[in-house]
Amino acid sequence: MEITSRLITHYLILFLIMLIIPVLCITFLPGQIWAKEDIVRRDTDEDGKIDQIAFFDKRGKLVRLDSDSNADEIMDRFQYYEDEQIKRVERDTNYDQKIDIWDYFEAGKRIRHKRASTDTGRLNQIVQFDSEERPLKMQKDTSADGQFDSIYYFEQGKLSRCTRDTDGDGKVNVWQTYRDDKPLERRTDHDGDGQIERMTFFDTNGLPKKSLHDLDRDGSMEVVRTYREGILCEQKKDLDQDGRFEIVTRFKDGEPVEQQKDANADGRFDIITWFKNGKPHYQEKDTNFDEKKDVFVYFDAKGFVEKTKEDTRYTGIIDRIRTYCNGVPAKEIYDADGDGFKETLTSFKQGKIFRQTQDSNKDGKADVTVYFNDREEKEKVESDTSLNGKLDTWEYYRNGKLFRIEKDDEGDGTIGLKIFFKNEKKQKLIRDKDNDGRFEITQWFDKSPWSMVMELDADLNGKPEGRYCYKEGVLRLKEIDEDGDGKPDLKEYYNAQGKLTRSEEDEEGAGSFTITWFYNDAEEAIRAEKDNNHDNSIDTWYYYEKGNLVRVGEDTNADGKPDLWEEYDESEALVKRAKDLNFDGEADIWEVESEQEQVGK
């Protein structure tokens, strides 16, 4: 529309000029004066300055007419004639003594028009005319890069179509058609890949009525915009190209007023946003797609989020409320356990969490306080686990990972328990059992193959008096050092059910285990093996039934086999003895205590 109006005005001025030119010619031609000289100067406005100079050939015919249009006594318009027919007009429109407009004529009619930039001096417009002096084709350099990037085509003087190269790559990327000098359709290839990303259709007044857009440049027009009197009134987006629009936005006076969004592409709108003054004002969301709204968002006058209310459990009850300042989180209250009381308060600094508190017993006092660093990683947690108003547990974090816990488990204000972690796994626990400030109990959690090893070092000399080894919470091995020499004097072994199966003892302080006991499922001793002479070989065997000694075997010659046997009654009194005199494994002599007799073989 603007281009057409400018063209009509421009051509009307030129038409008036063409009417004046013959008059000027008539003014100079009559009388014999023109035959006597080749140049005639005139002051047409009688201001004392020459403003027209006419040049004639020897026959008295006008060949050139120069004019000064701004009274600076410098000619700025030049008209050239052949056989008294105008052929060319040159003009200096900015009065810098350089021609910037050229018009060419044939048979008195203009056939071509050229215009140069007053800044660069390069041609920036060429217009061709038909036989009736109506524009036929126009080429324009709109970017001043020396290339004609816009070309307009006319039919019977009316603009019919145009092409444009808007990015200066030498390729057309905008095609537009016209009807009655008004836009009809426009196609645009924004990225120059040969595919159309936008198509705009215009109404009879030349105003946009509909446009299609390929915003993701996948070759499909997923966005449809409709206009009313050239002003955007609705936009619809079909993001997955299934024929259904996932986002529909309504506009009023060119600004959005309401937007509906189908977040899961099920054909139902789950997010609705209302706008005020072109900015978001209020929003409702159905995040679990049950057709019930569970998130409510309020915006400030600038369009920033001001407050959100959430039903995170989808029960119809708001359990989390967050407030913002200029769209940046400032505070949040949350009902973490779903009991209707918002016990968790989170505070933000510059949009990042720096502190969080919990009031689990609803007494208005924080029972747990969590501190965060600039990376929103936990640094420290303080807890009142007994809910008596006194802190008793402290957790410490490094790079967001737990590395130590300290606990006042007696409530006396002193630390009685410390737990150390490595890669967030328990590594060691130390305990001050008697609250004397010294940690005499140590539990290890990285001593393979045990899941936990507990050591008791009552005198803190580095030599534990007791060591207890567990697998999956069941005691499997016990070691006792009674004399404090750093070596166990007693070892007890347990099965997966935690029952005693075997024990080893250093009965005589020999520095090695001298007796081994074996137990049944009832943890009753059923057998014992003893090294009486401390040569690391078994020389005595004891057998028990229901906790009572019933039989003893002894190796008297150190060949590893018993050669002396004793039997006992229920009161553990000796009742029989046998001896293998030749060490062949069979008894040679029997003694029966009750009969005081000896039997020989």
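Quick note: numbers below take in every heavy atom, side chains included, and nothing from hydrogens, waters or symmetry partners.
Cation-pi contact between K307 and Y298: present, with separation from the ring centre below 6.0 Å and deviation from the ring axis of at most 45°. The side-chain tip of K342 does not point at the ring of Y334 from less than 6.0 angstrom away and within 45° of straight on. Remark: K428 qualifies as a cation-pi partner of F420 under the 6.0 Å distance and 45° angle criteria applied to the six-membered ring. A cation-pi arrangement is not found for K478 relative to Y468, the charged atom failing to lie both closer than 6.0 Å to the ring centre and inside a 45° cone about the ring normal. Geometrically, R476 does not engage Y494 in a cation-pi contact defined by less than 6.0 Å to the ring centre and at most 45° from the axis. K447 forms no cation-pi arrangement with W450, by the criterion of a distance under 6.0 Å to the ring centre and an angle within 45° of the ring axis.
Looking at heavy atoms from C-beta onward, T385 lies in side-chain contact with K407 at the 4.5 angstrom threshold. Residues V370 and T357 fail the side-chain proximity criterion, which asks for heavy atoms closer than 4.5 Å.
Under the 3.5 Å distance criterion, with hydrogens and angles disregarded, no donor-acceptor pair is assigned to the side chains of T514 and E507. Donor-acceptor pairing under 3.5 Å is recorded for the side chains of Q283 and T273.
A ring-centre distance under 6.0 Å is found for Y544 and W517.
Taking a 6.0 Å sphere around CZ of R217, one finds it holds more than 12 heavy atoms contributed by other residues, nucleotides or ligands. Within 6.0 Å of CG in D374 there are 12 or fewer heavy atoms belonging to other residues, nucleotides or ligands.
Among the candidates R250, R225, H213, the single residue satisfying the side chain to side chain donor-acceptor pair (under 3.5 Å) test with Q235 is R225. Among D339, D337, D335, the one residue that satisfies the salt bridge (Lys or Arg N to Asp or Glu O under 4.0 Å) test with K362 is D339.
Here K237 contributes atom NZ and D262 contributes atom CG; the two are 14.0 Å apart, rounded to the nearest 0.5 Å.
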Evaluate the criterion side-chain hydrogen bond (donor to acceptor under 3.5 Å, both in side chains) for residue pair N495 and T501; output intermediate values, then yes/no.
-> CA-CA 7 Å; N495 62 17; T501 60; over 6 Å; no

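Screening residues 394-414 for ring pair (Phe, Tyr, Trp, His ring centres under 6.0 Å) gives no qualifying pairs among residues at least two apart or on separate chains.
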